[in-house]
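Heads up: the structure comes next, in structure tokens.
As the structure lists them, so they are numbered: ligands from 1, and atoms in each ligand from 1.
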Amino acid sequence: MREKLVAGNWKMNGGLAENAQLLEAVIAGVAGLQGVQRAVCVPFPYLHQAQRSLQGTPVAWGAENVSQYEKGAYTGEVSAAMLLDFGCRYAIVGHSERRALFGEGDGAVADKFSAAQAAGLVPVLCVGETLEEREASVTEAVVSRQLDAVIARCGVESLAKAVVAYEPVWAIGTGKVPTLEDIAEVHDFMRAELAKSHPDTAEDMRLLYGGSVKPSNAAEIFAVSNVDGGLVGGASLKAADFGGIVKAASEG
Ligand code: PEP
């Protein structure tokens, strides 16, 4: 049985003072909610602050990226082992902003997934199509290609211990959300494709939806078949909104 997960992605936002308030409010806002796991993924410099604030609470924390390399001469990189030093449970890999703005291709994303999982982190693998790709009706081909790169690198069973977030690129930070039917179609497709060869892995794989999730649309999105929670960007920066989304998952 997959428990729902709501994970925040703060992106490049925050500061020590505002984070302290936000973390405190997040802890209070999601206290007592049952049947849903919650986490926040924060910029690297604030992992220590997240660890200090969140340890001993039901809110887990993670990073927004991780290096594919273990250690050595990789200036500016942060390894999976370093993230573990700060108590991270999750590492987002392959976010569309990293793919589009920082040139991360499927191969690098698969290497990051591998490095994270090998170290004991739970990778949150982002997949999803651009608007052009959706209009060209290649959404399923795109998510298959992105998943296949990880399967080729790490084996299909690796998905059972990971989180996959379907994030249509055109829905991220735009306020545009696919129809519930469109969300269901992609989530059903991903699970069904995997189930053809690996039913147990398909059953265990957690599939989140991400892209303009808000308290007002969370309940209906989380009720869609094969949606196991959400990856939340903008709304995770407001404790009341994040709390509302976690509550919707808890009640779904
Ligand atoms: C994201 O960046 O992962 C995301 C889902 O952003 P937003 O919720 O702001 O669309």
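In summary, the side chains of Arg89 and Gln37 do not present any donor paired with an acceptor at a separation below 3.5 Å, with no hydrogens or angles considered.
Residues Arg2 and Met205 come closest through the heavy atom pair CD-O, 3.3 Å. Residue Phe222 comes nearest to Ile245 through the heavy atom pair CE1-O, 3.5 Å, listed as atom of the first residue, atom of the second, then distance.
Residue Val227 is grouped with residue Val6 when hydrophobic side chains (ILVMFWY) are merged at heavy-atom distances under 4.5 angstrom, including chains of intermediate members. Both Val93 and Leu207 belong to a single network of hydrophobic side chains, linked directly or stepwise wherever heavy atoms of I, L, V, M, F, W or Y lie under 4.5 Å apart.
If you check which protein heavy atom lies closest to atom 2 (O) of ligand 1, you get Lys11 NZ, 2.6 Å. In terms of protein heavy-atom proximity, atom 9 (O) of ligand 1 is nearest to Gly234 N, 2.8 Å. With hydrogens left out, the protein atom closest to atom 3 (O) of ligand 1 is Glu167 OE2, 2.8 Å, a heavy atom. Scanning the protein for heavy atoms near atom 1 (C) of ligand 1, the closest one is His95 NE2, 3.2 Å.
Ser96 does not count as a contact of ligand 1, since none of its heavy atoms falls under 4.0 Å from the ligand. Under the 4.0 angstrom criterion for non-hydrogen atoms, Ser212 is in contact with ligand 1.
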From CA spacing to verdict: side chain to side chain contact (heavy atoms under 4.5 Å, CB included), Glu97, Phe102: CA-CA 7 Å; Glu97 287 152 15; Phe102 301 97; 5.6 Å; no
Chi angles and distances behind the side chain to side chain contact (heavy atoms under 4.5 Å, CB included) call for Ile221, Val177: CA-CA 10 Å; Ile221 292 173; Val177 182; 4.0 Å; yes
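If you check each of Gly233, Gly173, Gly128, Gly8 against atom 10 (O) of ligand 1, the one with the closest non-hydrogen atom is Gly173.
Of all the atoms in ligand 1, the ones that sit under 4.0 Å from a non-hydrogen atom of Gly211 are 5 (C), 10 (O). Taking every non-hydrogen atom of Ala171 and a distance limit under 4.0 Å, the qualifying atoms of ligand 1 come out as 10 (O).
At a heavy-atom distance under 4.0 Å, no atom of Ser236 approaches ligand 1. Residue contacts with ligand 1 for Asn9 involve side-chain atoms from C-beta outward but no N, CA, C or O (heavy atoms, distance under 4.0 Å).
Taking a cutoff of 4.0 Å between a charged side-chain nitrogen and a carboxylate oxygen, Asp106 and Arg99 qualify as a salt bridge.
For ligand 1, none of its N or O atoms has an N or O atom of Ala235 under 3.5 Å away.
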